[in-house]
Amino acid sequence: MGKADESRLGTAGPVGSADGVPEDPAEPAGGGGGGEDEPAAGEKKKGGPAKKKGSGLLEILAYSLGGVVVALLVHTFLLQSFWIPSESMQNTLLVDDYVVVNKLAYKFGPVERGDIVVFKGWNGEDTIKRVIGVGGDHVKCCDAKHRITVNGTPLDEEGKYLYPGAEPSTIEFDVKVPKGRLWLMGDHRNNSADSRYNVEDGHQGTVSEDDVYGRAFLRYWPLNRISLLSQPETFSVVR
């Protein structure tokens, strides 16, 4: 089984957009009849456009600053974009795909089996995998039909998300996932250095829920592959 270099994810910066502020319309030309006896009126017209130009610059700066603040807040607390650099999640995610991660997903609910999550990986770098087992689950490879089981229930992965032609696992494992931790695997099992390769790390290859940044819910690039990343029905039978 090949061990892919999928442990790093490229972080794509938030793409901001700003509304352009239209230029101030030209001041109408001064009317006739302004003689030497109207210096005050002439001075007022001369000073007007300069003041309005300064106000326009302030508006541009305000809009730009506001856009930057909003982008930073969204990036920090709500959404983050990631670039996929490897084959470990094929064919769900291909090399050079871009995904959006919801960073609030697990502030209001638990991590669920089948979720695709971005987390701080085993080598300390950003990593993306699918959740196979959550805290309290018993994950095992494999049953008589060579299927991974969770709490004794075999997972029907072929044709759902498992890479075509790949076996559920060529590595045997039998792990009780500790509370607050996750067992994670790539969809392309032959090219994924996941929990199976880290069972000797002192945590049986599991990852803490605290190290999860969020749930990947949208593949947005390339445009012809735009799709929501929904949870497969495979895990609905697990109890």
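What you see below is based on every heavy atom in this structure, not just the backbone, and it leaves out hydrogens, waters and symmetry mates.
Put simply, Leu228 and Tyr98 are part of the same group of oily side chains (I, L, V, M, F, W, Y) that touch within less than 4.5 Å, one to the next. In the hydrophobic clustering of ILVMFWY residues, with side-chain heavy atoms under 4.5 Å counting as a link, Val237 and Leu162 come out apart. By the rule that hydrophobic residues join a cluster once side-chain heavy atoms approach within less than 4.5 Å of another member, Val177 and Met185 end up as members of one cluster. The hydrophobic cluster containing Val238 does not contain Val131, counting ILVMFWY residues as joined when their side-chain heavy atoms lie under 4.5 angstrom apart, directly or transitively. Under a hydrophobic clustering in which Ile, Leu, Val, Met, Phe, Trp and Tyr are joined whenever their side-chain heavy atoms come within less than 4.5 Å, directly or via other members, Leu94 and Leu229 fall into different clusters.
Residues Asn91 and Tyr163 bring no donor and acceptor atom of their side chains to less than 3.5 Å of each other. No side-chain donor-acceptor contact under 3.5 Å links Asn198 and His203. Between the side chains of Ser192 and Lys129, a donor-acceptor pair is found at a separation under 3.5 Å. Side-chain contact annotation: Thr153 with Arg239, donor-acceptor N/O pair under 3.5 Å absent. A donor atom on one side chain and an acceptor atom on the other are not found under 3.5 Å apart for Trp221 and Asp97.
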**OP:** Evaluate salt bridge (Lys or Arg N to Asp or Glu O under 4.0 Å) for Lys145 paired with Asp143, printing each intermediate quantity in order.
**Re:** CA-CA 5 Å; Lys145 295 184 179 180; Asp143 68 0; over 6 Å; no

**OP:** Go through Glu209 and Lys179 one step at a time and tell me if the salt bridge (Lys or Arg N to Asp or Glu O under 4.0 Å) criterion holds.
**Re:** CA-CA 9 Å; Glu209 291 183 4; Lys179 291 292 185 181; over 6 Å; no

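Side-chain contact between Val101 and Phe217: absent, with no pair of heavy atoms (C-beta onward) separated by less than 4.5 Å. Counting heavy atoms from C-beta outward, Arg130 and Thr92 have side chains that approach closer than 4.5 Å. Ser208 places a side-chain heavy atom less than 4.5 Å from the side chain of Arg181.
When all heavy atoms are compared, the tightest approach of Ile148 to Ser169 is CD1-CB, 4.4 Å. Nearest approach of Arg113 to Gln231, heavy atoms of both residues: O-NE2, 3.0 Å.
Ring-centre distance between Trp183 and Phe173: below the 6.0 Å cut-off.
In summary, Arg147 and Asp156 do not engage in a salt bridge, as defined by a charged side-chain N under 4.0 Å from a carboxylate O.
Heavy atoms of other residues, nucleotides or ligands lying less than 6.0 angstrom from NZ of Lys160 number more than 12.
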